[in-house]
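Reading through the structure tokens given below for one structure.
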Amino acid sequence: MKLPLSLLNSTMPSGSGSLVWFRKGLRIHDNPALEYASRGSNYVYPLFVIDPHYMEPDPNAFSPGSTRAGINRIHFLLESLHDLDLNLKKLGSRLLVLKGEPSQVLIHCLKEWDVKKLCFEYDTDPYYQALDNRVKNYASTAGIEVFSPVSHTLFNPADIIEKNGGRPPLNYQSFLKLAGEPPWASSPLSVDLSSIPPVGDVGSCEILQVPTLKELGYVEKDQDEFTPFRGGESEALRRLRESLSDKIPWNVDDKLLAAWREARTGYPWIDAIMVQLRKWGWMHHLARHCVACFLTRGDLFVHWEKGRDVFERLLIDSDWAINNGNWLWLSCSSFFYQYNRIYSPTSFGRKYDPNGNYIRHFLPVLKDMPKEYIYEPWTAPLSVQTKAKCIIGRDYPKPVVSHDSASKECRRKMREAYALNQKLKGLVSEEDLKKLGSKLDEDEDEGQEPNPRRKRQKLIN
DNA sequence: ATGGAGTTGTGATG
DNA sequence: CATCACAACTCCAT
């Protein structure tokens, strides 16, 4: 299919043009080759070459697909290309698809188009190395700049081997030693492109749209007959976000957060600790545990990051890594998982300080409260409160939550979050599992509980 | 697949 | 103070 002329900017004045040759890194974000091409170019040709070597049907192959690639792999690639094209279009460009032996197609394009820079991701595959050499040779004779960054791998494999005296390291320890700091550790990843220069004049080249399987000569099948893994940058980023997202549905409750932060929870043990934090900038390690647990998974179910920020600001021994680590730990977000072990905001302190001296010190308003009531002053009869010169609800707040019901609710939410996490942990979505489930039910005897883990196992093996 | 370990849980019981 | 039930987490070694 010929491209409509309007998209081709054939009237574009000649200037610096760049060609981005897409092969493996079929993405817009974090793509140094694309970024380099887009910077300082008047127009950019994003090109993908359909290589018959990988894409043409081979009826004699041992499974459906081409000589080199099974049908799933080709399908996945087409989905990725389709998504790449969509994403390029969002930025004012599009994917140019050509067909043929890639190095020949590339050289032809470089001859046809006004291109000053050729940009493509470095590839270690022997097949691509050979292709790349042919293309690079031509580019150098034609005076075209070649930019071929390492971005498919985090490190440059050639560097690692060279550092090891020409031999590849044979275990992970020595690899790490040789690799050292990754080059991007001290600098931010590439920026997000907000636009890409338009496509230039393509001359006489026959530009294709991203083909369908059918157009490539394959028999169309239903989606669920293919691998449950969908191709494309958008899907990849969605999976990444899903995997990084918090499975725990923390409350957004600034009132509860403020009550905790301002030592107004109504639980003297908690509030005394928070006063000490504010006044001294230091508390005992276990006191930190108590208030962190209370704010997050124990009672208030407020996001651990909120508490972390308060600690970060007020602790004199504040340490970014330790602080984050401890909050992740205490909130059962990572490292520690026994969310049923909840510190009691009353009995934990009572165990070590039955008289409540700590509370009396940091919350003087409660200093005359009898020890029987000092951890739960709202239970003190009014006569006792009057005698202690501390009326609950006036001189000292009532509890913001009831620990019994709040902690039960927290346990329930944690249980659900963990269960959901279990389900999502596999690389297969719920929807995929359902499909797979019905498929398995057809093959299997009945009576098996629909256990996602079990079914995922089947899928993987 | 399974069992043991895992900074630092609570509350009842003896 | 030790032990147990509670209800059941992940990670790791086997």
Side-chain angles (χ1 to χ4, degrees), chain A residues 171-173 242-250 265 267-270 272-274 276-277 282-301 303-304 307-308 311 315 317-354 356 358-359 371-376 379 399 401-427 440 444 448-461:
Chain A
N171 61 61
Y172 191 54
Q173 277 306 321
E242 183 177 281
S243 143
L244 294 179
S245 71
D246 223 337
K247 298 313 177 207
I248 303 173
W250 299 113
T265 68
Y267 285 93
W269 169 245
I270 299 298
I273 295 168
M274 294 307 286
Q276 187 182 24
L277 170 62
W282 180 90
M283 317 91 91
H284 187 275
H285 192 53
L286 290 185
R288 300 179 191 201
H289 278 218
C290 286
V291 293
C293 180
F294 186 84
L295 179 71
T296 57
R297 67 183 168 85
D299 291 84
L300 304 186
F301 222 69
H303 201 300
W304 64 269
R308 172 203 60 186
F311 271 32
L315 280 174
D317 59 0
S318 193
D319 175 281
W320 185 87
I322 292 173
N323 195 28
N324 275 280
N326 280 339
W327 277 95
L328 281 165
W329 183 291
L330 261 301
S331 63
C332 278
S333 299
S334 194
F335 314 125
F336 182 74
Y337 307 95
Q338 305 217 194
Y339 54 79
N340 278 304
R341 296 188 184 169
I342 293 174
Y343 290 93
S344 163
T346 56
S347 49
F348 185 88
R350 186 149 44 204
K351 194 158 77 182
Y352 299 104
D353 178 15
Y358 179 81
I359 293 170
K371 68 173 185 180
E372 290 75 22
Y373 301 109
I374 192 155
Y375 283 91
E376 292 162 282
T379 63
V401 293
S402 143
H403 175 66
D404 274 356
S405 54
S407 62
K408 264 200 194 104
E409 182 65 5
C410 286
R411 277 193 172 93
R412 190 187 62 75
K413 286 184 191 159
M414 291 298 283
R415 193 161 50 240
E416 280 176 11
Y418 270 56
L420 183 66
N421 181 56
Q422 272 296 338
K423 256 192 255 177
L424 295 178
K425 209 174 177 185
L427 295 168
L440 285 174
E444 252 180 72
Q448 192 57 247
E449 276 289 298
N451 179 339
R453 178 177 266 196
R454 192 189 135 76
K455 292 191 171 165
R456 186 160 60 241
Q457 206 69 35
K458 290 237 163 202
L459 178 79
I460 292 164
N461 295 339

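No experiment lies behind these values; they were computed from the predicted model shown.
Rounded to a whole angstrom, the distance from the C1' atom of C:dA8 to that of C:dC4 is 16 Å. Rounded to a whole angstrom, the distance from the P atom of C:dT3 to that of B:dA5 is 15 Å.
Ring geometry, A:Tyr267 versus A:His403: the interplanar angle exceeds 60°, so the pair is classed perpendicular (tilted spans 30 to 60°). The aromatic rings of A:Tyr337 and A:Tyr418 lie perpendicular to each other, with more than 60° between the two planes, well past the 30° mark.
In the set C:dT10, B:dG9, B:dT10, B:dG9 carries the atom at the smallest distance from any side-chain atom of A:Phe336. Distance from the side chain of A:Ser347 is smallest for B:dT10 among the nucleotides B:dT8, C:dT10, B:dT10.
Side chain A:His289 to base B:dT7: no donor-acceptor pair is found below 3.5 Å.
Between the NZ atom of A:Lys413 and the CZ atom of A:Arg297 there is a distance of 14.5 Å, given to the nearest 0.5 Å. Between atom OG of residue A:Ser344 and atom NZ of residue A:Lys351 there is a gap of 10.0 Å, rounded to the nearest 0.5 Å.
Between the CH2 atom of A:Trp327 and the P atom of B:dT8 there is a distance of 20 Å, given to the nearest Å. Rounded to whole Å, atom P of B:dT7 lies 16 Å from atom CD1 of A:Ile322. Atom CD of A:Glu416 is separated from atom C1' of C:dA7 by 16 Å (rounded to the nearest Å). Summarising the geometry, the separation between CG on A:Leu330 and C1' on C:dC9 is reported as 15 Å, rounded to the nearest angstrom. A:Tyr337 places its OH atom 17 Å from the C1' atom of B:dT8, with the value rounded to the nearest Å. Spacing between atom OH of A:Tyr352 and atom C1' of B:dG9 amounts to 10 Å, rounded to whole angstrom units. The CZ atom of A:Arg297 sits 11 Å away from the C1' atom of C:dC9 (whole-angstrom rounding). Counting to the nearest Å, the C1' atom of C:dC9 and the CZ atom of A:Arg415 are 12 Å from each other.
Contact annotation for A:Phe335: no contact, since no heavy-atom pair falls under 4.0 Å across all strands. Counting any heavy atom pair closer than 4.0 Å across all strands shown, A:Arg411 reaches no nucleic acid atom.
Within residues 338-345 of chain A, the residues approaching DNA chain B are A:Gln338, A:Arg341, A:Ile342, A:Tyr343, A:Ser344, by heavy-atom distance under 4.0 Å.
There is a side-chain donor-acceptor pair under 3.5 Å between A:Arg308 and A:Asn324.
At a threshold of 4.5 Å between non-hydrogen side-chain atoms, the residues A:Phe348 and A:Leu286 count as touching.
A salt bridge links A:Arg350 to A:Glu376: one of the charged nitrogens lies within less than 4.0 Å of a carboxylate oxygen.
Taking the six-membered ring for Trp and the full ring otherwise, A:Tyr343 and A:Phe294 have centroids separated by 6.0 Å or more.
For the strand DNA chain B, secondary-structure stems (runs of at least three Watson-Crick or G-U pairs, all distances below 3.5 Å) span B:1-6 with C:9-14, B:9-14 with C:1-6.
Heavy atoms only, all atoms of each residue included: A:Leu330 and A:Thr296 are closest at O-OG1, 4.2 Å.
For the pairing with A:Trp327, the ring pair (Phe, Tyr, Trp, His ring centres under 6.0 Å) check across A:Trp320, A:Trp304, A:Phe311, A:Phe336 returns one residue only, A:Phe311.
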